[in-house]
Amino acid sequence: MEWFGLVALVLILCYSSYPGKVRRLEATIKRLERKQKGENCMSKLISGLVNKQCKIKSDDAMQLVGSTELMCFILDADDEWIKVRFTDKKGNQIIKLLRIENINEVEVIEE
């Protein structure tokens, strides 16, 4: 009976690092999927829109302004993130970072 407890303890110790390994593998898979889907191409296109007024459609915008469309000014962009400035309902200027993979559509507003 003592051996059973010892074996169970060893198994628990061996598998205690398992969730960390799974998270690292998931992150690697996401990176590979992004490359395969063309996320890098979209990030290059968005980088070209820096310092322009745009309308961004995203589910993240729903949390920010209450609709899926966000009228904003693009301040900066890299491979994964976009930095935007927009005005909320109260008239406050807000600067936010959005993940490029969560953006569904970008429309450039010509002035």
Side-chain angles (χ1 to χ4, degrees):
M1 199 59 145
E2 293 173 5
W3 287 102
F4 180 73
L6 186 60
V7 170
L9 178 65
V10 169
L11 286 175
I12 288 173
L13 291 175
C14 289
Y15 286 107
S16 65
S17 65
Y18 189 71
K21 291 177 184 178
V22 170
R23 272 189 246 117
R24 272 187 258 125
L25 283 173
E26 286 175 347
T28 305
I29 289 171
K30 278 186 179 182
R31 245 183 278 121
L32 290 172
E33 285 177 346
R34 247 187 279 136
K35 285 181 182 178
Q36 198 173 33
K37 284 187 344 186
E39 294 288 331
N40 288 338
C41 294
M42 186 170 178
S43 65
K44 288 178 186 176
L45 292 172
I46 289 178
S47 294
L49 297 176
V50 173
N51 297 326
K52 294 194 178 185
Q53 188 76 20
C54 295
K55 184 191 303 183
I56 295 177
K57 290 185 182 179
S58 171
D59 293 334
D60 289 346
M62 179 66 102
Q63 298 168 355
L64 299 173
V65 293
S67 75
T68 58
E69 293 183 355
L70 176 65
M71 292 292 294
C72 62
F73 186 79
I74 298 178
L75 299 171
D76 196 10
D78 67 3
D79 291 344
E80 294 184 28
W81 296 89
I82 182 171
K83 183 178 180 180
V84 297
R85 180 180 67 214
F86 64 96
T87 306
D88 66 356
K89 294 177 183 177
K90 297 177 183 177
N92 299 325
Q93 290 281 325
I94 298 175
I95 296 175
K96 251 337 186 182
L97 295 172
L98 300 172
R99 289 191 68 83
I100 289 179
E101 66 185 29
N102 296 337
I103 295 174
N104 299 332
E105 185 178 322
V106 177
E107 182 180 328
V108 179
I109 308 297
E110 297 291 330
E111 292 182 12

Min side-chain heavy-atom separation [X]-[Y] under 4.5 Å:
X: I95; Y: K83; result: yes
X: L9; Y: V7; result: no
X: V50; Y: L75; result: no

Next item on the list: Of all the heavy-atom pairs spanning L98 and V84, show the shortest one and how long it is.
Entry: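 Closest approach of L98 to V84: CD1-CG2, 4.2 Å.
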Next item on the list: Please report the closest heavy-atom contact between N104 and S58, naming both atoms and the distance.
Entry: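 Reported closest heavy-atom pair: ND2-CA, 4.1 Å.
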Rounded to the nearest 0.5 Å, how far apart are [atom1] of [X] and [atom2] of [Y]?
X: L32; Y: K30; atom1: CG; atom2: NZ; result: 13.0 Å
X: E69; Y: E105; atom1: CD; atom2: CD; result: 8.0 Å
X: K96; Y: D88; atom1: NZ; atom2: CG; result: 10.5 Å
X: I82; Y: N102; atom1: CD1; atom2: CG; result: 11.5 Å
X: Q53; Y: C72; atom1: CD; atom2: SG; result: 7.0 Å
X: I109; Y: M71; atom1: CD1; atom2: CE; result: 4.0 Å

I'd like to know if [Y] and [X] are part of one continuous hydrophobic network [Ile/Leu/Val/Met/Phe/Trp/Tyr, side-chain heavy atoms within less than 4.5 Å].
X: I94; Y: L70; result: yes
X: W81; Y: I46; result: no
X: F73; Y: L97; result: no

Check: Is a donor on one side and an acceptor on the other found under 3.5 Å between the side chain of T87 and the backbone of Q93?
Finding: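 Side chain of T87 to backbone of Q93: no pair is present.
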